[in-house]
Amino acid sequence: MNEVSFVVNGREVSGEVEGRTLLSEFLRENLRLTGTHVGCDTSQCGACVVHVDGNAVKSCTMFALEAEGSNVLTIEGMANEDGSLGVIQQAFQDHHGLQCGFCTPGMVMSASALISENPDPSEMEIRDYLEGNICRCTGYHNIVKAIQAAAEATRTQAA
Amino acid sequence: MYNFDFERPSSLADAIVALAQEDSQALAGGQTLIPTLKNRLANPAKLVSLMAIDDLQGVAVGDGVVCVKAATTHVAAAAGAAGSFPALAELAGNIGDPAVRNRGTVGGSLANNDPSACYPAAALATGATIVTNLREISADEFFTGMFGTALGDGEIITEVRFPVPDAANYQKFEQPASRFALVGVFVARFGDRARVAVTGASEDGVFRWVEAESALFGNFTKASLDGLELSPEGLIGDIHGSAEYRAHLTKIMAGRAVAAC
Ligand SMILES: Cc1cc2nc3c(=O)[nH]c(=O)nc-3n(C[C@H](O)[C@H](O)[C@H](O)COP(=O)(O)OP(=O)(O)OC[C@H]3O[C@@H](n4cnc5c(N)ncnc54)[C@H](O)[C@@H]3O)c2cc1C
Ligand code: FES
Ligand code: FES
């Protein structure tokens with residue numbers, strides 16, 4: 001067993017893990033942060049996307065020990081401080097960007113990474129960025145609309 | 001997945017020592033190796049992560065060469081090469097999806113030599129030099145068939161030097177489910193000579209299409225390829241496309257790459 005420690009959603013965490021413990025497993029099973037979903041466990045679906053030091057990664061395709069000393073952001077860290085929905089989450093609700101909701105944590109985390117890289121993404125750029133996020137319900141259209149609206153709201157907030 | 005010991009050295013020297021131990025294996029971005037481990041297709045006693053080694057990170061440009069350190073992610077390579085070698089930057093920026101590009105590395109891609117991977121085509125078409133902790137290997141010698149390379153046990157790629165061509169373009173016909181290349185063609189022109197490397201198509205992995213190179217010699221136009229046919233013999237045929245289809249696609253992608261140069 002190895003000791004791992006890093007910051008998740010602003011909070012210092014640590015725990016004992018095996019070499020093979022995936023970041024997704026550590027988040028869900030040790031930290032009980034079950035908002036990060038595991039859809040495929042084969043690096044395909046993107047339900048498990050979290051940010052590590054600001055970069056979107058598939059947490060099912062990274063070992064917990066690789067996150068040592070880093071800053072991890074999960075879907076649980078996306079709400080506002082008062083517990084209300086964050087800008088992107090609210091946009092998903094307003095635009096009906098989810099149905100079953102299974103893909104949504106990964107979609108929101110990818111959207112958030114996109115908006116920080118590119119504050120005014122075109123529809124094509126959004127679709128391109130979601131290449132690794134699979135949704136079996138919505139047909140993507142409302143997800144794209146939600147992200148466009150979230151990007152606009154973020155720009156307005158910043159202005 | 002079988003369990004293993006894990007080490008994350010911060011110096012190349014420590015990594016080399018750790019990798020000299022029996023059954024230890026390098027871990028870069030893990031975008032190939034972790035799925036492989038999950039399938040129990042590998043059973044290393046120890047994984048040695050290369051990602052905390054500063055000397056293996058970054059892109060340096062100079063003297064007509066773009067040098068990408070082995071553990072540079074696809075995202076960082078795309079950013080680093082954008083000004084000096086746009087075709088390479090575009091290739092790196094279109095691998096998989098953003099989350100894969102944030103982890104996957106050039107060294108991992110070349111060491112793995114997946115028959116449908118993108119980077120091997122760039123390395124072969126530019127005549128890149130693959131530098132390891134022991135020696136320098138030319139791309140023409142490096143790739144030795146599907147998933148095969150000239151690397152020895154415990155040998156680590158440290159950097160890849162890509163000569164910058166006078167003109168270059170990579171055309172990837174995506175396999176939409178995996179996002180790898182169903183067929184990808186990298187064309188690089190140096191003076192009146194062209195090198196054409198094809199990925200995704202052959203049972204032997206990446207290869208140079210020498211007939212196309214000869215046809216383009218001194219007459220670098222799409223029309224020069226018109227009379228050529230690539231034989232489907234030895235090409236990959238699977239549920240995504242027959243060998244004949246891949247042969248056809250190779251010619252089309254090569255033509256598009258030349259036209260885009
Ligand atoms: C969904 C998905 C889509 C993808 N799409 C594409 C695509 O379109 N095009 C494409 O080219 N690739 C694609 N890939 C593969 C991706 O680019 C991988 O990142 C790459 O093939 C392996 O790099 P890595 O750094 O992740 O290596 P790892 O998975 O960590 O390692 C792969 C192998 O290389 C060895 N290794 C790693 N670094 C070194 C080194 N410096 N020296 C010696 N040996 C080393 C390891 O021991 C292992 O055997 C995709 C992957 C996924 C999951
Ligand atoms: S669970 Fe990680 S990509 Fe599907
Ligand atoms: S809302 Fe059901 S998978 Fe996307």
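Values below: every heavy atom of this structure, side chains too, minus hydrogens, waters and symmetry copies. Note on naming: letters A, B, ... go to the chains in the order of the sequence lines (proteins, then strands), and numbering restarts at 1 for each one. Source: prediction; values computed, not measured.
The parts of A/Glu66 that come within reach of chain B are both its backbone and its side chain, each placing non-hydrogen atoms under 4.5 angstrom from that chain. Using a 4.5 Å cut-off between heavy atoms, A/Ile134 makes no contact with chain B at all. Heavy-atom distances place no part of B/Leu33 under 4.5 Å from chain A, backbone and side chain included. For B/Ala177, the part lying near chain A is the backbone, with the side chain staying farther off; criterion is any non-hydrogen pair under 4.5 Å. Both the backbone and the side chain of A/Asp41 come within less than 4.5 Å of a heavy atom in chain B.
What you find for B/Met1 and A/Arg20 is that their closest heavy atoms are O-NH1, 2.5 Å. Residues B/Glu174 and A/Glu131 come closest through the heavy atom pair OE1-OE2, 3.6 Å. Of all the heavy atoms in A/Glu18 and B/Asn3, the pair that sits closest is OE2-ND2, 3.5 Å. The two residues B/Arg103 and A/Val57 come nearest to each other via the heavy atoms CD-CG1, 3.6 Å. Here the shortest heavy-atom pairing between B/Val100 and A/Lys58 reads CG2-NZ, 3.7 Å.
Atom CD of B/Glu22 is surrounded by 12 or fewer heavy atoms from other residues, nucleotides or ligands within 6.0 Å. Heavy-atom contacts from other residues, nucleotides or ligands closer than 6.0 Å to CZ of A/Arg127 number more than 12. By the neighbour-count criterion of 12 heavy atoms within 6.0 Å, atom CZ of A/Arg11 is sparsely surrounded, having that number or fewer from other residues, nucleotides or ligands. With a 6.0 Å radius and a threshold of 12 heavy atoms from other residues, nucleotides or ligands, A/Glu152 has its CD atom at or below the threshold.
The NZ atom of B/Lys38 sits 4.5 Å away from atom OG1 of A/Thr61, with the distance rounded to the nearest 0.5 Å. Atom-to-atom distance recorded for A/Thr42:OG1 and B/Asn39:CG is 8.5 Å, nearest 0.5 angstrom.
For chain B, the option among A/Thr21, A/Asn2, A/Asp128, A/Leu22 with the highest count of heavy-atom pairs below 4.5 Å is A/Leu22.
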Evaluate A/Phe63 against B/Leu37 for side chain to side chain contact (heavy atoms under 4.5 Å, CB included), listing each step before the verdict.
CA-CA 12 Å; A/Phe63 295 115; B/Leu37 291 166; 3.9 Å; yes
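Within residues 71-99 of chain B, the residues approaching chain A closer than 4.5 Å by heavy atoms are, in numerical order, B/Gly96, B/Asp97, B/Pro98, B/Ala99.
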